[in-house]
Protein chains: 2
Amino acid sequence: MAEKAQYEELIRQFSAFGAVKREMGRLLPSDCPGGSAAVLTLLGRHGDMRISKLAELLAVDMSVTSRHVTHVAERGWIERSPDPADKRSRILRLTPRGQDRLDEIAERTTQLLAHRLSDWTDDEVGQLSRLMARLRASFDDCRSPAARPPAPTGDEQSPREPLVHPVHP
Amino acid sequence: MAEKAQYEELIRQFSAFGAVKREMGRLLPSDCPGGSAAVLTLLGRHGDMRISKLAELLAVDMSVTSRHVTHVAERGWIERSPDPADKRSRILRLTPRGQDRLDEIAERTTQLLAHRLSDWTDDEVGQLSRLMARLRASFDDCRSPAARPPAPTGDEQSPREPLVHPVHP
DNA sequence: TATTGTTATACTCTATAACTATA
DNA sequence: TATAGTTATAGAGTATAACAATA
């Protein structure tokens with residue numbers, strides 16, 4: 001348990017982080033805003049899924065997810081095929097063109113980070129990653145305490161499902 | 001210099017951070033959205049200043065800052081007094097009512113963090129603060145390389161000016 | 001001419017609520 | 001009745017550009 005002044009300092013850092021986020025957003029292609037990029041990234045990382053699952057990973061409302069998905073689907077970056085197990089659902093899948101778009105975005109963003117964080121050590125980048133993952137987990141845990149395993153205790157970080165989506169299926 | 005996979009992981013954490021930010025925003029009073037809270041916080045931390053300075057600290061365009069300032073001024077939380085040294089400018093100052101509002105917001109947000117991060121050590125909270133401050137600095141440095149001291153090298157964190165605004169002046 | 005600040009406009013992201021279709 | 005998804009609407013944040021007043 002930390003002191004109040006430390007929390008206030010942390011909150012200021014949260015606020016200032018917006019500037020970093022906006023600079024990252026500025027290098028996205030104009031036809032692929034942040035929401036679309038997030039959809040492509042999560043589909044590339046976790047593989048095919050339905051909208052409700054994507055909404056959970058994005059941590060936004062399903063209605064928001066639906067709009068992002070429509071945007072990327074209209075550009076041919078994903079396909080929505082019917083779910084044989086549930087006719088209400090559709091399964092989202094990255095298309096080859098979507099994978100290309102994702103690769104391009106990943107290339108741009110990692111280059112920006114490599115440039116900005118050129119004087120950071122490998123370990124420092126890892127530390128920031130880990131702490132931010134844990135921060136997200138700490139907030140998630142409090143959201144639905146009943147729907148989670150008893151005591152996570154450890155440092156569990158990012159992906160709950162390290163699935164890898166096959167490139168160009 | 002870190003590996004590409006590490007940067008990609010960090011980018012995913014940046015994206016996921018939005019959920020934390022939104023949850024923090026949800027506990028703000030409805031008449032004091034995030035932009036207004038940021039104005040009050042920075043005025044409380046750095047003391048009286050003009051809009052252009054505030055825009056720099058917020059790292060947003062001055063037009064955006066102007067709107068936020070108008071919002072808080074309309075509610076009597078700050079005063080805009082003429083700058084004797086430059087008739088184009090006005091000096092922003094927190095009012096007692098603004099200070100009360102700020103205290104209330106700080107109380108709510110620190111309580112939320114204290115609850116969510118109850119199992120974090122003092123040191124871990126400090127680490128995250130430091131790394132996020134350095135992240136922001138790394139991005140700032142690249143924005144206007146000519147307008148900065150030659151080689152910051154160190155871990156310099158948050159406030160460039162640790163001024164403290166007198167409470168209830 | 002350059003700078004400070006304001007306003008108008010447009011775009012992105014988000015949540016809530018109402019709705020359809022299916023379970 | 002409950003759930004998956006869509007759409008309409010509203011609100012917050014931001015950037016760009018045009019503008020006024022002053023330096």
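When reading the values below, keep in mind they use all heavy atoms of this one structure, side chains included, and skip hydrogens, waters and symmetry mates. So you know, we letter chains A, B, ... as the sequences are listed, proteins then strands, and number each from 1.
Contact check, B:R22 against C:dT14: a side-chain N or O comes under 4.0 Å of OP1 or OP2. Contact annotation: A:R26 reaches the phosphate of D:dA15 (side-chain N/O to OP1 or OP2, under 4.0 Å). A sub-4.0 Å separation between OP1 or OP2 of D:dA4 and a side-chain N or O of A:R90 is absent. For B:H68 and D:dT14, the shortest distance from a side-chain N or O to OP1 or OP2 is below 4.0 Å. Taking side-chain N and O atoms only, B:S52 has no distance below 4.0 Å to OP1 or OP2 of C:dT3.
Between the side chains of A:W120 and B:S138, at least one donor N or O sits under 3.5 Å from an acceptor N or O. A:S36 and A:H71 share a donor-acceptor pair across their side chains, judged by distance under 3.5 Å alone. Side-chain N/O atoms of B:D61 and B:S63 include a donor and acceptor closer than 3.5 Å.
With C:dT16, D:dT6, D:dG13 as the choices, the nucleotide that has an atom nearest any side-chain atom of A:M62 turns out to be D:dT6. Side-chain proximity of B:K87 to D:dG5, C:dT4, D:dT22: nearest is D:dT22. If you check C:dT22, D:dG13, C:dT14 against the side chain of A:D86, the one that comes closest is C:dT22. Comparing C:dT16, D:dG5, C:dC13 by their closest approach to the side chain of A:D61 singles out C:dT16. Comparing C:dG5, C:dC13, D:dA15 against the side chain of B:R50 picks out C:dG5 as the nearest.
In terms of the salt bridge (Lys or Arg N to Asp or Glu O under 4.0 Å) criterion, residue partners of A:R108 (sequence neighbours excluded) are, by chain and number, A:E104.
Counting non-hydrogen atoms under 4.0 angstrom, A:V64 reaches a base of the nucleic acid. Heavy atoms of A:G18 sit nowhere under 4.0 angstrom from any nucleic acid atom. A:G34 comes within contact range of the sugar-phosphate backbone alone, with a heavy-atom separation under 4.0 Å but no base atom that close.
The pair B:D86-B:R50 counts as a salt bridge, with a side-chain nitrogen and a carboxylate oxygen less than 4.0 angstrom apart.
The base of D:dT16 is paired with the side chain of B:S63 by a donor and an acceptor separated by under 3.5 Å.
Mapped onto DNA chain C by nearest heavy atom, A:V60 and A:A85 fall at different nucleotides, with A:V60 at the one closer to the 5' end. A residue-by-residue look at A:S66 and A:R88 shows that A:R88 has its nearest nucleotide of DNA chain D further toward the 5' end.
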